Amino acid sequence: MRYRTLLFAAPGLTLVLALGACGDEQANGPSAGKPSGTTSVQPSGTPANTLTVRVKASKEAPAKSWTLKCDPTGGDHPRAADACAAIAKAKDPFKPVSKDQVCTQIYGGPEIATVKGTWNGKEIDTRFTRDNGCDLHRWTQIAPLFGNVPKVR
């Protein structure tokens with residue numbers, strides 16, 4: 001008897017939970033009341049993916065600076081398409097290294113970059129270095145964004 005109750009209760013409970021997860025997003029969403037097939041375009045003052053990149057070969061070196069726009073690709077970045085592709089491919093490309101992260105002490109060079117702007121609707125204001133393994137990995141995964149950094153002399 002106990003197993004028969006379990007046999008009938010489990011599918012019923014699954015059905016109740018599945019129905020509870022179903023919502024009426026369409027009825028309450030931004031397109032509620034509009035005929036299907038129509039979309040509304042919201043004008044914006046700036047593109048969602050616009051970044052200003054400043055790269056220095058070292059702390060003392062002069063900075064190279066350019067603007068990168070993605071979707072559509074543009075700006076004065078020398079390799080805009082490559083940079084946009086690298087950023088899009090990277091998982092959370094502008095997330096800083098956690099202070100609790102254990103990093104190898106591999107020095108990658110004195111280069112420094114700052115990136116400011118907007119990416120996928122989020123404000124970006126971050127700094128990149130090559131001081132240790134974590135920072136080096138972070139730099140390398142989106143390296144086309146930094147262009148050809150001149151060597152320190």
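Quick note: residue numbers are just sequence positions, from 1. What you see is a predicted model, and the numbers here were worked out from it, not measured in a lab.
Shown here for Gly74 and Ala80, the closest heavy-atom pair between the two residues is O-CB, 3.9 Å. Taking all atoms of both residues into account, the shortest heavy-atom contact from Ala57 to Pro110 is O-CG, 3.3 Å. Shown here for Cys103 and Gln105, the closest heavy-atom pair between the two residues is O-NE2, 3.3 Å.
Residues Ile112 and Ile124 fall into different hydrophobic clusters, defined by Ile, Leu, Val, Met, Phe, Trp and Tyr side chains chained together at heavy-atom separations under 4.5 Å. By the criterion of side-chain heavy atoms lying less than 4.5 angstrom apart, applied directly or through intervening Ile, Leu, Val, Met, Phe, Trp or Tyr residues, Leu68 is grouped together with Ile142 in one hydrophobic cluster. Transitive grouping of hydrophobic side chains (ILVMFWY, heavy atoms separated by less than 4.5 Å) brings Trp119 and Val55 into a common cluster.
Residues forming a side-chain contact (heavy atoms from CB on, under 4.5 Å) with Ala88 (at least two apart in sequence, or on another chain): none. For Asn120, there are no side-chain hydrogen bond (donor to acceptor under 3.5 Å, both in side chains) partners, not counting sequence neighbours. Residues that satisfy the side-chain contact (heavy atoms from CB on, under 4.5 Å) test with Ala63, not counting sequence neighbours, are Arg54, Lys56. A search for side-chain contact (heavy atoms from CB on, under 4.5 Å) contacts involving Asp131 returns Tyr107, Thr129, Asp135, not counting sequence neighbours.
Atom CD of Glu111 and atom NZ of Lys59 lie 13.0 Å apart (nearest 0.5 Å). Atom NE2 of His137 sits about 9.5 Å away from atom CD of Gln101, to the nearest 0.5 Å. Interatomic distance, Phe146 CZ to Trp139 CH2, rounded to the nearest 0.5 Å: 5.0 Å. Going from atom CG of Asp92 over to atom CD of Gln141 covers 8.5 Å, rounded to the nearest 0.5 Å. Here OG1 of Thr52 is found 9.0 Å from CG of Asp76. Values are rounded to the nearest 0.5 Å. Atoms CG and CZ, on Leu145 and Phe94 in that order, are 6.0 Å from each other to the nearest 0.5 Å.
Judged as a ring-ring contact (aromatic ring centres under 6.0 Å, His included), the pairs with a partner in residues 69-89 (not counting sequence neighbours) are, in order, Trp66-His77.
The side-chain heavy atoms of Arg138 and Thr126, taken from C-beta on, include a pair separated by under 4.5 Å.
Formation of a donor-acceptor pair under 3.5 Å by the Asp125 side chain with backbone atoms of Lys116 is not found in this model. A donor-acceptor pair is defined here as one N or O able to donate and one able to accept, closer than 3.5 Å; such a pair exists between the side chain of Lys64 and the backbone of Asn148.
The other members of the hydrophobic cluster of Ile106, by chain and number, are Leu136 (side-chain heavy atoms under 4.5 Å, ILVMFWY only).
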Intermediate values then yes/no, side chain to side chain contact (heavy atoms under 4.5 Å, CB included), Leu51 and Asn49
CA-CA 7 Å; Leu51 302 171; Asn49 297 329; over 6 Å; no
